[in-house]
A.B. asks: 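The structure is given below, and queries will be raised subsequently.
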2 protein chains.
Amino acid sequence: MTASRALHRPDLVAEATRLRVEAAVEQTGYVSNSLAGGLTSRQTRLVAAIVPSVGHSLFSDMLDELVGVLETERYETTLGISRYDPMREENWLATMLSRRPDGVVLTGIEHTARSRRLLLNAGIPIVELWDYTPHPLDVVVGFSQEDAGRAAYRHLKACGYRRPALLRSDDSRAGRRALGFKRAAQEDGEPEPVEIVFPETNPQAGRGREVMTVLLQRAPEADAIFCSSDSLALGALAHAHAVGLKVPEQLGVMGFGNQSLAEDGVPALSTLAVDGAKIGNQAARALLARMRGDTASIAIDVGFETIPRASTHKKR
Amino acid sequence: MTASRALHRPDLVAEATRLRVEAAVEQTGYVSNSLAGGLTSRQTRLVAAIVPSVGHSLFSDMLDELVGVLETERYETTLGISRYDPMREENWLATMLSRRPDGVVLTGIEHTARSRRLLLNAGIPIVELWDYTPHPLDVVVGFSQEDAGRAAYRHLKACGYRRPALLRSDDSRAGRRALGFKRAAQEDGEPEPVEIVFPETNPQAGRGREVMTVLLQRAPEADAIFCSSDSLALGALAHAHAVGLKVPEQLGVMGFGNQSLAEDGVPALSTLAVDGAKIGNQAARALLARMRGDTASIAIDVGFETIPRASTHKKR
DNA sequence: GTGAAAGCGCTAACAA
DNA sequence: TTGTTAGCGCTTTCAC
């Protein structure tokens with residue numbers, strides 16, 4: 001018991017005793033066993049977080065910040081990868097919860113029924129990210145995907161494009177952005193924008209170059225496209241360049257995310273900026289508050305911003 | 001005890017009993033406590049892995065594969081982020097080992113003295129990635145960074161460039177590639193290539209555009225550059241375009257990693273291909289073998305490949 | 001400032 | 001096929 005105190009609450013132990021314990025630790029190579037500790041104390045200082053993919057720069061900015069902030073309070077973050085699949089999230093949750101994390105961070109607000117049940121039974125703080133809803137499981141930090149889609153549509157229209165199309169992966173958030181985009185078109189009394197959806201099998205797949213061929217076949221009249229990510233849009237740019245389509249004159253290209261490479265596109269890529277790091281930061285803070293016992297309800301809308309650059313700057 | 005068996009070894013339990021246990025689980029919302037389980041059984045089915053950054057596509061390809069393969073054998077992977085700092089790795093190790101992982105995966109072969117001590121004391125399988133050494137702590141899966149640097153130099157020379165320079169972040173692997181590059185120049189009897197190093201503070205920092213300005217000032221005579229990553233090289237491409245430098249005629253640009261966006265560069269980016277997924281796969285297999293009790297020594301050199309594309313295709 | 005007792009929830013080992 | 005016993009390594013609680 002004294003040894004335990006010397007390690008965790010050194011102020012409660014006599015200097016001499018502490019020194020003896022430290023010497024013994026050093027000499028024996030002792031490493032405490034937090035399984036045993038967690039079993040007794042009922043807290044693990046573990047936060048379990050799951051994202052669709054670690055390759056995506058938005059998620060990695062978010063993670064970097066989340067992990068960093070939690071670290072300052074001595075919480076460790078363990079990571080799951082869902083590959084945009086709610087069943088994978090469910091399986092991950094089922095095994096993860098047996099490690100008794102002190103908090104959980106999820107991507108999105110769509111979860112299987114069992115996931116919800118597990119989560120609610122666990123009785124720990126939960127943060128849902130990247131989407132906004134007034135009725136989260138517990139805490140939510142995100143923005144309205146539908147509004148983002150609307151904003152993209154409005155931007156393209158404002159730039160003078162008449163037939164904007166959609167190019168996106170099949171993840172559900174991109175789907176909701178597309179929905180907002182199409183609704184905005186509808187409200188304008190325009191025909192429904194053509195939409196090309198490809199499977200998000202892996203981060204490399206469905207690259208702009210290949211999918212653009214499909215788009216140009218299916219919608220030869222399209223004069224602008226809103227892509228579900230910047231890297232996709234960059235691929236589209238490359239394809240347009242290859243087939244001699246002038247951007248932005250003949251084709252407007254808009255990305256999503258405002259990753260650093262968007263600026264490096266030729267021409268520089270117009271995009272919707274989302275602050276991944278900010279989401280991670282707010283999520284970490286909210287989670288810490290909850291784990292401290294704070295029960296005030298939290299729902300944070302971090303918003304997004306339209307970034308006009310050369311790729312949609314049509315000279316009329 | 002019977003309940004425990006019904007959940008983990010259902011074949012050892014009568015059908016009727018198993019059903020009763022399952023019903024009870026369902027009804028009570030029981031979730032097993034693997035802290036207690038691990039305490040008794042002395043295995044946690046946890047693998048702890050640390051990478052410098054999750055944003056980098058090479059690491060994320062590797063992680064995806066590592067996590068995926070370990071998952072098939074019901075091992076979970078928990079992730080640390082070192083930000084290229086051995087002290088952060090040490091701190092992560094110190095707290096991580098108290099969770100008693102069954103195996104550890106590290107990036108690189110450079111670790112602090114205490115890290116080494118902790119690791120060796122822990123008595124668990126260790127895999128070091130991305131570098132090759134004949135004398136690993138336990139298992140190593142990687143390639144020779146120095147040879148990679150040499151290969152880049154040779155490629156640029158073979159393309160007809162006479163004054164290749166180096167543009168790199170301050171991570172130690174990029175440093176070893178630079179070393180190989182400079183040694184190859186020396187062996188050719190050429191002057192030492194100019195080298196611009198910038199801090200790897202965060203994945204967004206030190207972007208090609210900004211650093212290129214410095215390079216062109218410090219080495220106006222440079223007619224080719226070898227960048228420490230593809231995204232950096234893409235930034236360099238954008239900068240060259242902006243200042244009217246013709247690539248590949250006036251400036252050869254070479255990246256590292258062969259990320260999918262390298263092909264989308266304008267012009268397409270020459271690079272050194274490294275198979276992150278393969279490294280992750282081999283690492284997972286090696287670790288599984290070790291955790292199964294296999295003690296044969298393992299050191300795998302996965303090699304790399306030079307990918308010539310338009311950005312170094314100088315027409316002489 | 002230190003220590004003794006008890007128990008967290010599970011599984012290894014053995015017994016029936 | 002099921003059950004009993006013991007103990008994993010800590011921390012909570014309480015006594016000194």
Side-chain angles (χ1 to χ4, degrees), chain A residues 1-46 48 73-76 93-103 118 121-124 291-293, chain B residues 1-46 48 73-76 93-103 118 121-124 291-293:
Chain A
M1 193 55 240
T2 300
S4 173
R5 266 193 293 254
L7 295 173
H8 301 297
R9 308 285 322 267
D11 49 309
L12 295 181
V13 153
E15 167 91 1
T17 317
R18 187 174 54 74
L19 258 25
R20 274 169 58 217
V21 170
E22 279 168 11
V25 165
E26 182 60 30
Q27 205 213 317
T28 58
Y30 171 82
V31 174
S32 77
N33 183 328
S34 63
L35 300 176
L39 191 56
T40 326
S41 70
R42 276 129 200 306
Q43 63 151 322
T44 52
R45 301 206 85 82
L46 224 205
E73 303 273 336
R74 296 181 16 264
Y75 282 93
E76 249 165 60
L93 260 178
T95 64
M96 203 58 231
L97 289 177
S98 77
R99 298 191 195 277
R100 299 292 188 266
D102 293 340
L118 284 167
N121 269 334
I124 52 176
M291 292 189 300
R292 231 180 279 119
Chain B
M1 191 59 237
T2 300
S4 172
R5 266 193 292 254
L7 295 172
H8 301 298
R9 307 286 322 268
D11 49 310
L12 296 181
V13 154
E15 168 91 2
T17 317
R18 186 174 55 74
L19 258 25
R20 275 170 55 218
V21 171
E22 279 168 11
V25 165
E26 182 61 28
Q27 205 214 315
T28 58
Y30 171 81
V31 174
S32 77
N33 184 327
S34 63
L35 300 175
L39 191 58
T40 319
S41 70
R42 275 126 203 307
Q43 61 150 325
T44 52
R45 301 206 85 83
L46 222 207
E73 303 273 337
R74 297 182 13 265
Y75 282 94
E76 249 166 60
L93 260 178
T95 63
M96 203 57 232
L97 289 177
S98 77
R99 297 192 196 275
R100 299 291 187 267
D102 292 340
L118 283 167
N121 269 335
I124 52 176
M291 292 188 300
R292 229 180 280 120

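Within every chain, numbering begins at 1; the chains are lettered A, B, ... in the order of the sequence lines, protein sequences first and strands thereafter.
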A.B. asks: Checking contacts here: which listed nucleotide (C/dC10, D/dG9, D/dT12) is nearest the side-chain heavy atoms of A/S41?
C.D. replies: D/dT12

A.B. asks: Rounded to whole angstroms, how far apart are CG on A/L7 and P on D/dC10?
C.D. replies: 9 Å

A.B. asks: Please report, rounded to the nearest Å, how far the C1' atom of C/dA6 is from the CG atom of A/L39.
C.D. replies: 13 Å

A.B. asks: Does D/dT11 have OP1 or OP2 sitting under 4.0 Å from an N or O in the side chain of A/S4?
C.D. replies: yes

A.B. asks: If I compare all heavy atoms of B/R45 with all of B/D102, which pair ends up nearest, and what's the gap?
C.D. replies: N-OD2, 2.6 Å

A.B. asks: Figure out the CG/C1' separation between B/L35 and C/dT11, and round it to whole Å.
C.D. replies: 14 Å

A.B. asks: Nearest of D/dG9, C/dA13, C/dG3 to any side-chain atom of A/T2?
C.D. replies: C/dG3

A.B. asks: Taking the side chain of B/Y30 as its heavy atoms from C-beta onward, which of C/dC10, D/dG9, C/dG3 lies nearest to it?
C.D. replies: C/dC10

A.B. asks: Within this structure, what is the CZ-to-P distance between B/R9 and C/dC10, rounded to whole angstrom?
C.D. replies: 18 Å

A.B. asks: Salt bridge check: are B/R99 and A/E76 linked by an N-O gap of less than 4.0 Å?
C.D. replies: yes

A.B. asks: For A/V13, does its backbone N or O pair with a side-chain atom of A/R18 as donor and acceptor, under 3.5 Å?
C.D. replies: no

A.B. asks: Side chain of A/N33 only, heavy atoms from C-beta on: which candidate in D/dG9, C/dG9, C/dA12 is closest?
C.D. replies: D/dG9

A.B. asks: Quick check on contacts: within residues 13-28 of chain B, what sits under 4.0 Å from DNA chain D by heavy-atom distance?
C.D. replies: B/V13, B/A14, B/T17

A.B. asks: Please determine if a side-chain N or O atom of B/R42 lies less than 4.0 Å away from the OP1 or OP2 oxygen of D/dG9.
C.D. replies: yes

A.B. asks: Between A/L7 and A/V25, does the side chain to side chain contact (heavy atoms under 4.5 Å, CB included) criterion hold? Intermediate values first, please.
C.D. replies: CA-CA 10 Å; A/L7 295 173; A/V25 165; 4.1 Å; yes

A.B. asks: Is there a side-chain polar atom (N or O) of B/T40 under 4.0 Å from OP1 or OP2 of C/dA12?
C.D. replies: no

A.B. asks: What contact category does A/S34 fall into here, base, sugar-phosphate, or nothing, at under 4.0 angstrom with non-hydrogen atoms?
C.D. replies: nothing

A.B. asks: What's the CD-P distance between B/Q43 and D/dC8, to the nearest Å?
C.D. replies: 18 Å

A.B. asks: So if I apply the side chain to side chain contact (heavy atoms under 4.5 Å, CB included) rule between B/V31 and each of A/N121, A/L118, A/L93, which one comes out positive?
C.D. replies: A/L118

A.B. asks: If only atom types and distance count, is the side chain of B/R42 paired as donor or acceptor with the main-chain N or O of B/R100 below 3.5 Å?
C.D. replies: no

A.B. asks: Where the side chain of B/M1 is concerned, which of C/dA12, C/dG9, D/dT11 is the nearest nucleotide?
C.D. replies: C/dA12

A.B. asks: Assign each of B/R5 and B/A36 to its nearest nucleotide of DNA chain C by heavy atoms, then name whichever residue's nucleotide is nearer the 5' end.
C.D. replies: B/A36

A.B. asks: Does B/S34 reach the main-chain N or O of A/S98 with its side chain, forming a donor-acceptor pair under 3.5 Å?
C.D. replies: yes

